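Read the structure below first, then the notes.
Below, all heavy atoms of this structure are taken into account, side chains as well, without hydrogens, waters or symmetry copies. Worth saying up front: this structure is predicted, and the values here are computed from it rather than measured. Just follow the structure's listing: the first ligand is 1, and inside any ligand the first atom is 1.
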Amino acid sequence: MTADPAPAAPATPDGITALFRDTYGTEPEGVWAAPGRVNLIGEHTDYNDGFVMPFALPHTTLVAAARRNDRILAVRSADQPGPVVELALEGIGPGRARPAGVPAWTAYPAGVAWALREAGHPIGGASLVVRSTVPVGAGLSSSAALEVGTALALDGLHGLGLTGPGLARAGQRAENAYVGVPSGIMDQMASACCTAGHVLHLDTRALTFRQVPFDMAAAGLRLLVVDTRVQHSLADSGYAERRASCEAGAEALGVPALRDIPAGSLEEALGRLSDPVLRRRVRHVVTENARVAEAAALLREGRPHALGPVLTAGHASLRDDFEVSCPELDLVVATATAAGALGARMTGGGFGGSAVVLVEAGAAERVGKAVTEAAAAAGHPVPRTFTTTPSPGARRLR
Ligand code: GLA
């Protein structure tokens with residue numbers, strides 16, 4: 001592979017269209033966008049068939065694409081150095097070695113093309129250029145944005161008529177079977193189905209959801225996302241291990257998934273488990289599902305300020321019972337709440353990545369500064385902090 005620099009392309013429809021033209025010598029047939037996400041509450045519940053409440057970030061992955069009349073998937077990234085990668089559709093499948101020189105990121109679009117074909121969708125060849133503003137490695141679902149953006153582009157090009165859950169399933173299938181990460185479906189559903197101004201109250205078993213209005217500005221609130229800029233090596237193995245524990249817990253309790261343990265039966269269920277680690281894992285999932293229900297009720301009642309303690313209780317459960325936090329995230333949460341935030345918690349899979357902090361608008365700057373200073377004083381990387389609001393989900397831009 002040549003060491004071409006990453007091609008300069010502004011993250012706009014015009015910028016990516018120009019790069020597509022330079023790359024393939026033709027116009028794209030369309031430009032699609034799919035966002036990253038943060039999760040307000042409901043962590044490590046999705047692979048337990050439970051409930052989550054993410055919203056879409058303004059950061060997106062753009063995909064410019066056009067059909068081709070050979071059976072080739074051609075991909076190029078404006079974020080990664082390198083030439084166009086051409087993959088024969090018939091040659092794409094899980095477990096096959098990536099040919100030498102083919103960069104790892106191409107597994108996401110390739111995996112989606114494979115997953116769509118596996119699900120019986122008649123897709124043909126396509127040329128793609130992608131460009132993302134979703135921070136990578138920050139627990140903000142840059143992978144899901146690339147998967148859903150690819151699925152949406154292929155859907156648009158080939159007229160597949162997929163719904164949001166159909167796009168999300170293709171993305172999750174790619175991630176699980178092709179990339180090899182045993183994630184749940186929250187991130188892809190968030191990218192595919194969120195709408196501006198709302199959190200997505202999602203039942204991950206039925207894949208049904210409600211768009212719950214979350215107008216922080218009107219309530220005088222701000223949500224800070226604090227990217228700790230650390231990712232501990234346990235992230236992948238720890239995630240798979242937690243998922244296996246949850247499945248073992250459900251089996252021991254004789255239910256299809258931990259979602260089937262209502263909060264009112266928690267003590268009785270815990271009494272039937274002898275392993276203290278399993279008890280803690282089960283307690284997190286059951287109480288976390290209850291916190292999602294509580295958060296949904298608070299938003300319905302127009303009491304978003306009262307979300308704070310629910311978020312902070314969620315963090316304590318992830319730290320002490322599910323054991324997926326880390327010193328950097330714990331320091332963000334402790335510092336933010338001590339500095340006057342209404343509540344804070346890690347968001348996403350954990351072992352690093354980002355935290356969310358809910359603050360009164362007037363305290364946002366002070367809290368952000370306290371978090372940065374505390375990280376520096378502890379010798380942690382200086383976090384990257386931004387304020388965010390619920391933004392649009394996946395869509396066609398042109
Ligand atoms: C990662 C996974 C999601 C979900 C979260 C934890 O983001 O991709 O499916 O399990 O972790 O809530």
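Residue Arg259 is tested with Thr45, Asp49, Asp203 for a side chain to side chain donor-acceptor pair (under 3.5 Å); the sole match is Asp203.
Polar contact with ligand 1: present for Gly184 (N/O pair, distance under 3.5 Å). Between Asn39 and ligand 1, a contact under 3.5 Å exists for no N or O pair. In terms of polar-atom proximity, defined here as any N/O pair under 3.5 Å, Glu43 does make such a contact with ligand 1.
The single protein non-hydrogen atom nearest to atom 8 (O) of ligand 1 is Asp187 OD2, 2.6 Å, given as residue, atom name and distance. The protein heavy atom nearest to atom 9 (O) of ligand 1 is Asp46 OD2, 2.5 Å. In this structure, the protein non-hydrogen atom closest to atom 5 (C) of ligand 1 is Met186 CE, 3.8 Å.
Near Tyr47, meaning under 4.0 Å from any of its heavy atoms, are these atoms of ligand 1: 10 (O). Near Tyr239, with a cut-off below 4.0 Å to any heavy atom, the atoms of ligand 1 are 1 (C), 2 (C), 3 (C), 4 (C), 9 (O), 10 (O), 11 (O). Counting atoms of ligand 1 from 1 in the listed order, those under 4.0 Å from a heavy atom of Ser183 are 2 (C), 8 (O), 9 (O). Here is the list of ligand 1 atoms found below 4.0 Å of a heavy atom in Gly348: 6 (C), 11 (O).
Counting heavy atoms from C-beta outward, Asp155 and Arg396 have side chains that stay 4.5 Å or more apart. Put simply, the side chain of Arg76 does not reach to within 4.5 Å of the side chain of Phe20, judged on heavy atoms. For the pair Phe214 and Leu299, the minimum side-chain heavy-atom distance is below 4.5 Å.
Residue Arg37 places a heavy atom under 4.0 Å from ligand 1.
Classification of Arg281 and Glu323 as a salt-bridged pair holds, one side-chain N sitting under 4.0 Å from a carboxylate O.
Among Gly349, Pro182, Gly350, Gly353, the residue whose heavy atom lies closest to atom 11 (O) of ligand 1 is Gly349.
Side chain to side chain, Asp330 and Ser325 meet the donor-acceptor criterion of an N or O pair below 3.5 Å.
Proximity of Glu288 to ligand 1, defined as any heavy-atom pair under 4.0 Å, is not found for any part of the residue.
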Arg398 vs Asp14, salt bridge (Lys or Arg N to Asp or Glu O under 4.0 Å): CA-CA, chis, key distance, verdict = CA-CA 10 Å; Arg398 63 163 59 155; Asp14 282 347; 2.7 Å; yes

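Less than 6.0 angstrom separates the ring centroid of His59 from the ring centroid of Phe386.
For the atom pair CG of Asp187 and CE of Met189, the computed distance is 11.5 Å after rounding to the nearest 0.5 Å.
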